[in-house]
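Written below as structure tokens is the structure these notes are about.
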Amino acid sequence: MSPSRVRRAVVALTALPLLAFGAGRAVAAPATPPAAPAPPAAASRVTAIEDGIARTLATSLTDPALRERLRTATASASAELAPLAAGSPALAAATERADRGIADAKGLGAGLGPLLRVQLADPSMRAALDAGAAPLVAVAGTDEHTRTVRAYDTAGRALGLDAGTLPARPVYLVDLDTAKATTAGIELLQREFAAHGLGSAAQAASGWWGTKITAVEVNDDEEPWFKGAAEMFSLVTGFGQDGKVRVDSVAMPYLQYDGTVYYPNQILVNWSNYKYNLADVVLMEDDGDTNYLALAQAVAAVLLTIADQGAYIPLVNAVLAALPSSWWVDDPDYVESWYTLARTSTGRLNGARGNGWMTVEPYWVSQL
């Protein structure tokens with residue numbers, strides 16, 4: 001069985017101390033199709049926008065030209081929706097509004113460009129699609145425990161698909177360009193943390209010591225057909241050279257599938273930025289609805305109340321207190337954590353939650 005898709009993309013918050021949180025935290029159509037689930041809750045703005053576009057795209061597929069463009073564009077990978085919609089005025093206008101609305105809901109502001117993408121739910125559906133089968137359109141889900149997936153046919157009718165069984169009918173999934181959104185989100189986090197005094201830069205005379213990730217793996221037992229690949233990142237936290245709490249966000253775009261060992265040789269910590277020889281790391285993911293601006297402001301508001309006591313202290317409780325309660329139910333954004341990471345740490349480090357591991361080694365970065 002192919003590796004299951006880890007929950008979508010990344011909101012890595014700095015704070016390895018999450019250890020305190022610990023563990024507490026055959027293709028066939030069903031004989032009787034389940035009832036379509038209710039529309040997304042109003043609180044989930046991104047999901048609601050995606051659901052609306054899924055319905056609009058489904059009804060637009062009565063246009064043979066659009067259906068062919070979509071079939072061709074998704075032959076081997078996901079495709080950006082905006083260019084595909086260009087030949088269909090109503091769909092193009094709806095897609096443009098949706099892209100702007102999603103960027104706003106995620107706190108990323110205007111100017112980011114298209115975010116919506118579309119892909120075939122599973123390669124095995126290609127034969128039926130090529131044979132002319134009318135496709136359905138659904139949203140790539142975030143809740144791994146849902147029993148039904150809401151999909152739309154070309155008449156705009158909502159259908160319920162069994163989340164545990166790959167549909168016999170072709171299904172297109174509307175999803176986000178999580179790599180693009182996460183990159184923009186991480187940049188926003190760093191700007192906001194720096195603006196709040198949580199990311200002042202240190203000056204290294206001739207170079208600096210770093211901690212390099214040589215291998216990493218995340219575990220997960222779920223493999224739903226309606227999931228998109230994850231976009232993850234970590235937040236590293238500790239006390240900066242100025243004695244203030246510091247947060248550094250680290251993108252990990254390669255970490256998309258569970259059960260897969262990745263060998264990134266990526267620098268995780270720049271120790272010249274830290275006052276003490278210890279830091280914490282929290283690995284998180286963007287579930288699609290993550291508002292990066294609200295996240296940065298919430299975390300900063302809490303961490304700014306913590307003063308340097310002359311020794312390293314864990315910051316996990318403060319970070320967890322800043323996160324919305326919704327992040328810890330059904331589909332938690334928190335994936336794994338490692339804390340009290342030292343500059344001399346080396347070898348395999350198991351995560352506090354038991355959901356992942358990484359191997360690290362000290363690495364000297366010389367100035368040119």
Side-chain angles (χ1 to χ4, degrees), residues 5 8-10 45-123 125-142 150-156 169-185 187 226-231 251 253 256 286 288-290 292:
R5 295 177 178 176
R8 283 188 306 171
V10 161
R45 289 182 59 194
V46 172
T47 302
I49 293 171
E50 289 179 311
D51 185 77
I53 280 295
R55 187 178 187 279
T56 302
L57 175 59
T59 57
S60 300
L61 290 178
T62 54
D63 177 2
L66 174 61
R67 186 183 294 190
E68 179 58 22
R69 290 200 304 271
L70 185 57
R71 186 188 70 84
T72 302
T74 59
S76 59
S78 66
E80 194 173 276
L81 182 57
L84 293 171
S88 304
L91 178 60
T95 300
E96 184 178 358
R97 288 194 302 270
D99 280 327
R100 291 198 305 266
I102 290 171
D104 180 68
K106 295 178 73 62
L108 300 177
L112 187 57
L115 285 171
L116 287 165
R117 301 186 68 84
V118 62
Q119 64 184 24
L120 196 60
D122 191 87
M125 298 174 176
R126 177 62 51 185
L129 194 66
D130 292 344
L136 301 173
V137 182
V139 174
T142 60
R150 185 180 181 86
Y152 296 97
D153 64 14
T154 53
R169 189 170 175 179
V171 180
Y172 285 115
L173 295 177
V174 172
D175 201 357
L176 295 185
D177 186 337
T178 49
K180 185 176 184 178
T182 300
T183 298
E187 292 174 353
F226 57 90
K227 296 291 290 181
E231 285 290 339
Q256 294 185 326
D286 180 351
D289 291 316
T290 301
Y292 289 95

Note: D153 and A58 closest approach over all heavy atoms is O-CB, 3.4 Å
For G101 and I49 the tightest heavy-atom approach is C-CD1, 3.6 Å
Note to self: Checking the side chain of D99 only, and the main-chain atoms of L116 only, is there a donor and an acceptor separated by less than 3.5 Å?
What the structure shows: yes
Interatomic distance, CG@L84 vs CG@L57, rounded to 0.5 Å, equals 8.5 Å
Across all chains, not counting sequence neighbours, the side-chain contact (heavy atoms from CB on, under 4.5 Å) partners of A131 are none
| Will you find, in the side chains of E68 and T72, an N or O donor that is under 3.5 Å from an N or O acceptor? | yes
The reported gap from CG in L61 to CG in L91 (rounded to nearest 0.5 angstrom) is 8.5 Å
Step by step, work out the side-chain contact (heavy atoms from CB on, under 4.5 Å) result for S88 and D63. CA-CA 9 Å; S88 304; D63 177 2; 3.9 Å; yes
*Would R71 and Y172 count as a side-chain contact (heavy atoms from CB on, under 4.5 Å) if you check the C-alpha gap in whole Å, the side-chain angles of each, and the deciding distance to 0.1 Å?*
CA-CA 10 Å; R71 186 188 70 84; Y172 285 115; 3.9 Å; yes
To the nearest 0.5 Å, atom OG1 of T95 lies from atom CD1 of I53 at 4.0 Å
Stepwise side-chain contact (heavy atoms from CB on, under 4.5 Å) check, R69 with L66: CA-CA 5 Å; R69 290 200 304 271; L66 174 61; 3.4 Å; yes
CG of L81 to CG of L176, rounded to nearest 0.5 Å, is 11.0 Å
Between D51 and Y152, is there a side-chain heavy-atom distance shorter than 4.5 Å? yes
What one should report as the nearest heavy-atom pair of S60 and T56 is OG-O, 2.8 Å
Hits for side-chain contact (heavy atoms from CB on, under 4.5 Å) against A138, two or more places apart or cross-chain, chain-then-number order -> V149, A151, V171, L173
All heavy atoms of A79 vs all of T74, minimum pair found to be CB-CG2, 4.2 Å
Review point. Would you say L129 and P135 make side-chain contact, with heavy atoms under 4.5 Å?
Key: yes
Between R117 and D177, is there a donor-acceptor pair closer than 3.5 Å when you use the side chain of the first and the backbone of the second? no
Closest non-hydrogen contact found for E50 with I102 is CG-CD1, 4.3 Å
Donor-acceptor contact below 3.5 Å, side chain K180 vs main chain P114
yes
Heavy atoms of V46 and K106 approach each other most closely as CG2-CG, 3.9 Å
A86 meets the side-chain contact (heavy atoms from CB on, under 4.5 Å) criterion, sequence neighbours left out, with none
